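Here is the structure we will look at.
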Amino acid sequence: MDTEEQAYSEAGQIIAQNRDRLYRHTMVAAIVFCIISAILMAGFKQNEGFFDANSRLGLLLEQINEQDQILSYPKINVKAVYKDERASKLVIRPDMPIESLDIEVREEFTKKKVVITFPEAAEYFADNVQIVSDSAIMDAVGIYRQNRDVVVEVYCKDTYSWTIDSQADKITLQFDALRAAYSGVAVVYQPYTDRNRLMIPEWQQSIADFAANNHMKLFLASNMLEEYTEQEVVTFANTVQADILLGIAVESSETAEQASAVTVCNTTYFIPNFGSTQLAILAAGVFAAETQLVPKGFRECGAEDILVSQAVVPAAFLELTLPASETENVESVYKLNESIVTALMQALEQAFNLTEKRIESNGM
C-alpha cells in the first residue's frame, strides 16, 4: 500500500510539474505574442500611409485591368428598330422591364460621342430593341453587346448637356444646350498615357460632387477611354468656348534633385481681365501650396505647347517634375495624386469666381 501511495504521489508531482511547465510556456508565448503584436501595430501605424496607398492603388489597378478585359471582348451588334422624332432625346426600350440596373454614361467629348453602358444586362436586350432618336442632334446611334454588358453609342452633331431618366420599361437621355444647366465650362487635360493618375473612385466622386455643387460642366480628358491628343482637347475647348482650360502633366527626371513645377502661359493672346497669365498665376499658387512642389516660375508657350499656344480661351499648363526616386515610392505618388485632386478643385473654383467677375465687368 505504501508503495502504491508513493507511486500515486510521484505521478501527481510529475503531472503538477508538467502543468506548471505548460503554464509557464503558455505565459511566455502570450507575452511574446503581445510584444510581436505591439511591434506590428506600431510598424503598421508608422507606415499606415504606405499600406493605404498600396491598397488603394492595388484596387485601382484591379479596376483598370477589369475594364481593359471587358473592352477587349468582341462587340456583337444588336439589331434595333429605330424611330426618328424631333424631341432632343434618346429613348431605349429593353425587351424586358429592368427593375434595378446601374447605368454608366461616359462622354468621349473630343469625338462628340456619348457612351451608355448597361452592365450585366445582355438578357434584357435581345434583337429588335426599340430606340427613338432625334436626327437633328444625333448623327448616328448604335447598340452592341460586349461580354455581358450592353453598350449604346451616340454620335452627336454638337456638345450638349444631358440628364438621364431610368425607368423599368425605358431609359431616356435628354439633351439640352450645353450651358443651359451650368454656370460655366472647364476642360482639364492630362496626357493619355497618364490618364489613370486621378482615377481612385473616391477622388472621382469628390470631383464630380465639386462640379455639381458649383454648377460647373467639367470635361476631364482622363475620363475618356478612347485615345485622345492635346490638339483634340484644345480644339474642343475652343469650340465650346470653355471658361477655363487647364493642363496637368507629371514627369519623372533622373537628374532632378527636388520636386518642382513650371507653369506655361500665353501672355500674347489678350483676354480682358482674366486670361492665360492670370490663370497661370492662380494655378501655380494653388498647386504650390497643396502639392508642396517647389515653383520654378513661368514659361512663355511655344508652338510645341499646343494646349496653351492654340487656345483662344484662358489656358495654362502645369508641368510637374519629380525625381525618379520619388516616382518609385508608392506612398509619395499616392499623396501627390491626392494633393493634385485638391489643388485642381481649388484652382477651378477660384478661377471661376474671377471669370464670373470678368463677365460681369464686360457687361455680358
Side-chain angles (χ1 to χ4, degrees), residues 55-83 87 89-134 138-156 160-175 192 195-209 211-212 218-228:
S55 174
R56 301 305 299 140
L57 291 176
L59 289 174
L60 175 61
L61 185 60
E62 288 180 9
Q63 181 184 9
I64 293 169
N65 290 338
E66 182 180 352
Q67 189 179 66
D68 290 343
Q69 184 178 5
I70 291 173
L71 293 175
S72 68
Y73 285 110
K75 299 176 181 179
I76 302 174
N77 288 332
V78 175
K79 292 181 181 178
V81 178
Y82 294 95
K83 184 178 180 181
K89 63 184 178 182
L90 176 79
V91 181
I92 307 164
R93 294 187 179 275
D95 297 291
M96 296 186 297
I98 306 175
E99 298 300 332
S100 178
L101 181 65
D102 292 329
I103 301 174
E104 302 169 3
V105 182
R106 186 181 78 253
E107 291 176 284
E108 298 288 337
F109 56 82
T110 58
K111 297 176 176 60
K112 297 180 181 178
K113 181 167 72 169
V114 179
V115 182
I116 309 162
T117 302
F118 302 90
E120 298 291 326
E123 62 185 292
Y124 297 101
F125 294 88
D127 285 337
N128 299 318
V129 172
Q130 297 181 22
I131 295 179
V132 179
S133 60
D134 184 349
M138 303 174 209
D139 280 325
V141 178
I143 180 171
Y144 57 86
R145 297 187 192 93
Q146 195 164 31
N147 194 24
R148 293 286 303 157
D149 296 349
V150 174
V151 182
V152 178
E153 294 187 351
V154 185
Y155 288 85
C156 298
Y160 305 92
S161 64
W162 53 264
T163 54
I164 190 165
D165 178 28
S166 176
Q167 301 178 24
D169 61 338
K170 67 177 181 179
I171 297 92
T172 304
L173 201 68
Q174 179 73 46
F175 293 91
Y192 180 75
R195 65 191 183 282
N196 293 321
R197 179 171 292 277
L198 308 182
M199 291 302 288
I200 297 291
E202 292 91 331
W203 299 347
Q204 286 286 294
Q205 189 61 53
S206 294
I207 294 172
D209 291 343
L218 180 55
F219 292 99
L220 286 174
S222 57
N223 284 348
M224 295 192 291
L225 296 183
E226 299 179 18
E227 191 167 357
Y228 56 85

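These numbers were taken from a predicted model, which means no experiment stands behind them.
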Can you confirm whether Val115 sits close enough to Leu225 that some side-chain heavy atom of one is under 4.5 Å from a side-chain heavy atom of the other?
no
Between the SG atom in Cys156 and the CD atom in Glu107, the distance rounded to the nearest 0.5 Å is 9.0 Å
Supply the atom-to-atom distance Glu226 CD to Thr110 OG1, rounded to the nearest 0.5 angstrom.
8.0 Å
Is the closest side-chain heavy-atom distance between Asp134 and Phe175 below 4.5 Å?
no
Looking only at non-hydrogen atoms, find the nearest pair between Ala122 and Val150 and report the distance.
CA-CG2, 3.7 Å
Show the nearest heavy-atom pair for residues Ala168 and Pro94, with the distance to one decimal.
O-CG, 4.0 Å
Min side-chain heavy-atom separation Ile103-Phe118 under 4.5 Å
yes
Between Asp165 and Thr172 (side chain of the first, backbone of the second, donor and acceptor by atom type, cut-off under 3.5 Å), is there such a pair?
no
Which atom pair, heavy atoms only, marks the closest approach of Ile164 to Trp162?
N-CE3, 4.2 Å
If you define the side chain from C-beta out and look only at heavy atoms, does anything of Lys113 sit under 4.5 Å from Arg106?
no
Could you please spell out the steps behind the side chain to side chain contact (heavy atoms under 4.5 Å, CB included) verdict for Asn223 and Gln204?
CA-CA 9 Å; Asn223 284 348; Gln204 286 286 294; 2.9 Å; yes
Could you tell me whether the side chain of Arg197 reaches within less than 4.5 Å of the side chain of Ser222, counting heavy atoms only?
no
Measuring from Ile92:CD1 to Gln130:CD, what's the distance to the nearest 0.5 Å?
12.0 Å
Once rounded to the nearest 0.5 Å, what's the spacing between atom OH of Tyr144 and atom CG of Asn77?
9.5 Å
Search all heavy atoms of Lys79 against all heavy atoms of Asp127 and return the closest pair with its distance.
N-OD1, 3.2 Å
Sub-4.5 Å side-chain heavy-atom contact between Lys111 and Glu153
no
Residue among Tyr155, Tyr228, Phe219 satisfying ring-ring contact (aromatic ring centres under 6.0 Å, His included) with Phe109:
Phe219
Starting at CG of Leu173, measure out to CE of Met138 and round the result to the nearest 0.5 Å.
7.5 Å
Side chain to side chain, Glu123 and Asp95, heavy atoms closer than 4.5 Å
no
Can you check whether Tyr82 reaches Ile143 side chain to side chain, under 4.5 Å on heavy atoms?
yes
Gap separating the CD1 atom of Ile171 from the CD1 atom of Ile131, nearest 0.5 angstrom:
10.0 Å
